[in-house]
Visitor: 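One structure follows; several queries about it will come next.
Throughout, a chain's letter reflects where its sequence line sits, starting with A, and its residues are numbered from 1. Every value quoted in this text rests on a predicted model; they were computed, and no experiment measured them.
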There are 2 protein chains.
Amino acid sequence: MAGGAQFTPADTEPRYEVFHTDCAARDVVGHATSRWGIWVLISLQRNDLRFYELRESIQGISEKMLAQSLRALVQDGLIWRQVEPTTPPQVTYGLTEFGRDVSEPLVELFDRITRRVAPTAG
Amino acid sequence: MAGGAQFTPADTEPRYEVFHTDCAARDVVGHATSRWGIWVLISLQRNDLRFYELRESIQGISEKMLAQSLRALVQDGLIWRQVEPTTPPQVTYGLTEFGRDVSEPLVELFDRITRRVAPTAG
DNA sequence: CCGTATCCGCGATGATACTG
DNA sequence: CAGTATCATCGCGGATACGG
């Protein structure tokens, strides 16, 4: 919580701090719940995946947005990236411990919505 | 996923359908995890709130985006809207049962990220 | 107090082409 | 296979003004 968070001293309500400040957590929340980030995290919940596997798993995503999302999530420490120096090169992505922590509620969110909105799907 | 596992038609893996279709659930997920929707849902988790209370609680949100987010979430059945025909009018928002179901994992997501990224915050 | 209506900049996103 | 680079666009979202 860098800088000076400014709150009304009289306000005793324990409001969420991130609502009011530029907190790093807010960025991570943004990345984890971003348009494509959430599907990347959910996809990797089941098993590690290669770049093209992620691209094929998440319909509609472009290579650009996939690469961009992956970079942000790696940066945040949610997923790891492993490069096999073969030809052709193989790059595998997977969830870190933090990433598993974060993707769990995302999967739960997704499941609850799916059960309610499209209970017959699957 | 080593050993050349491919996504072939013979693959019996039950992949998430919403990744591949225009599923209504995908829209709801989008609204619930939208830039402002997530904070609206988390804010209403503690107690029902009036319009201006939400506006003041969520720093940086404009009235336009708040109204827009609320409309989408009401439409999705995540929150209810109650109008008191007084002068001045009072409009209160709160979570439906579905909304509580959905906001729970969102709060969990938020807490886990906050604990990890800003463990001293609060 | 609780919104809606309108304008508009800008970043997110997609399409395409190219590289190691 | 796994990206990067570039460009065009599209709509999100902020500012402002107005209405019930």
Side-chain angles (χ1 to χ4, degrees), chain A residues 19-20 22 26-40 43-44 47-76 79-94, chain B residues 1-8 19-20 22 26-41 43-44 48-76 79-94:
Chain A
F19 288 20
H20 304 262
D22 285 51
R26 189 151 170 174
D27 290 335
V28 178
V29 171
H31 294 152
T33 64
S34 67
R35 178 170 182 191
W36 301 115
I38 181 173
W39 305 119
V40 170
S43 295
L44 292 176
N47 42 260
D48 304 338
L49 292 174
R50 305 254 310 269
F51 185 87
Y52 80 96
E53 290 175 323
L54 280 166
R55 187 195 348 136
E56 291 173 4
S57 173
I58 306 170
Q59 192 178 52
I61 196 172
S62 64
E63 292 193 341
K64 173 185 167 183
M65 293 317 298
L66 178 56
Q68 188 173 310
S69 301
L70 287 170
R71 238 182 295 129
L73 295 173
V74 168
Q75 178 92 14
D76 291 341
I79 67 180
W80 49 258
R81 178 188 133 110
Q82 185 187 11
V83 181
E84 291 288 338
T86 61
T87 52
Q90 295 194 357
V91 183
T92 307
Y93 295 91
Chain B
M1 202 109 183
Q6 303 282 340
F7 286 135
T8 64
F19 288 18
H20 305 263
D22 284 51
R26 190 152 169 171
D27 290 335
V28 178
V29 171
H31 294 154
T33 63
S34 66
R35 177 170 181 189
W36 302 114
I38 181 173
W39 305 119
V40 170
L41 291 172
S43 295
L44 292 176
D48 304 338
L49 292 174
R50 305 255 310 270
F51 184 85
Y52 80 96
E53 289 175 321
L54 280 166
R55 190 196 346 139
E56 291 174 5
S57 173
I58 306 170
Q59 191 179 53
I61 196 173
S62 64
E63 292 193 340
K64 173 187 167 182
M65 294 317 298
L66 177 56
Q68 189 173 308
S69 301
L70 287 170
R71 236 183 296 128
L73 295 173
V74 169
Q75 178 92 13
D76 292 340
I79 67 180
W80 48 259
R81 178 188 133 111
Q82 185 187 12
V83 181
E84 292 288 337
T86 61
T87 51
Q90 293 193 356
V91 183
T92 307
Y93 297 89

Visitor: Below 4.0 angstrom from OP1 or OP2 of dC1(D), is there any side-chain N or O of Tyr93(A)?
Guide: no

Visitor: Return the value, rounded to whole Å, for the distance between atom NE2 of His31(A) and atom C1' of dG11(C).
Guide: 13 Å

Visitor: Counting only distance, no hydrogens or angles, is the base of dT13(C) paired donor-acceptor with the side chain of Lys64(A) under 3.5 Å?
Guide: yes

Visitor: Checking contacts here: which listed nucleotide (dG3(C), dG14(D), dA2(D)) is nearest the side-chain heavy atoms of Met65(B)?
Guide: dG14(D)

Visitor: Does Arg71(A) place a side-chain N or O at less than 4.0 Å from the phosphate oxygens OP1/OP2 of dT4(D)?
Guide: yes

Visitor: Starting at CD of Gln75(B), measure out to CG of Asp27(B) and round the result to the nearest 0.5 Å.
Guide: 10.5 Å

Visitor: Calculate the interatomic distance between Leu49(B) atom CG and dC1(C) atom C1'; express it in whole Å.
Guide: 15 Å

Visitor: Using the side-chain contact (heavy atoms from CB on, under 4.5 Å) rule, take Leu73(A) and Tyr93(A) through it: C-alpha gap first, then chi angles, then the decisive distance, then the call.
Guide: CA-CA 10 Å; Leu73(A) 295 173; Tyr93(A) 295 91; over 6 Å; no

Visitor: Side chains of Trp39(A) and Ile61(A), heavy atoms from C-beta outward: is any pair under 4.5 Å?
Guide: no

Visitor: When all nucleic acid strands are considered with a 4.0 Å heavy-atom cut-off, which category describes Arg81(B): base, sugar-phosphate, or nothing?
Guide: sugar-phosphate

Visitor: Rounded off to whole Å, could you give me the CD-to-P distance for the Gln68(B) and dC12(D) pair?
Guide: 7 Å

Visitor: Evaluate the side-chain proximity of Leu49(A) to Val40(A): yes if any heavy-atom separation is below 4.5 Å, no if none is.
Guide: no

Visitor: Just the rounded figure in Å: distance from C1' of dA2(D) to CD of Gln82(A).
Guide: 15 Å

Visitor: Where the side chain of Trp36(B) is defined as all heavy atoms beyond and including C-beta, which of dT13(C), dG13(D), dG3(D) is the nearest nucleotide?
Guide: dG13(D)

Visitor: On DNA chain C, compare the nucleotides closest to Ile61(A) and Phe51(B); which residue's is nearer the 5' end?
Guide: Phe51(B)

Visitor: Expressed as a whole number of angstroms, how long is the span from Gln90(B):CD to dG3(C):C1'?
Guide: 15 Å

Visitor: Rounded to the nearest Å, what distance is computed from the CD atom of residue Glu63(B) to the C1' atom of nucleotide dC1(C)?
Guide: 9 Å

Visitor: Would you tell me if any nitrogen or oxygen in the side chain of Arg50(A) comes within less than 4.0 Å of OP1 or OP2 on dA2(D)?
Guide: yes

Visitor: Check the distance between dT13(C)'s P and Leu66(A)'s CG and give it to me in whole angstrom.
Guide: 13 Å

Visitor: Leu70(B) has an atom CG; how far is it from atom P of dG3(C), in whole Å?
Guide: 7 Å

Visitor: Does a side-chain N or O from Arg35(A) land closer than 4.0 Å to OP1 or OP2 of dG11(D), or not?
Guide: no

Visitor: Is Ile38(A) close to Thr33(A) at the side-chain level, that is, under 4.5 Å between some pair of heavy atoms?
Guide: no

Visitor: Looking only at side-chain atoms of Ala67(A), point me to the closest of dT4(D), dC2(C), dA2(D).
Guide: dT4(D)

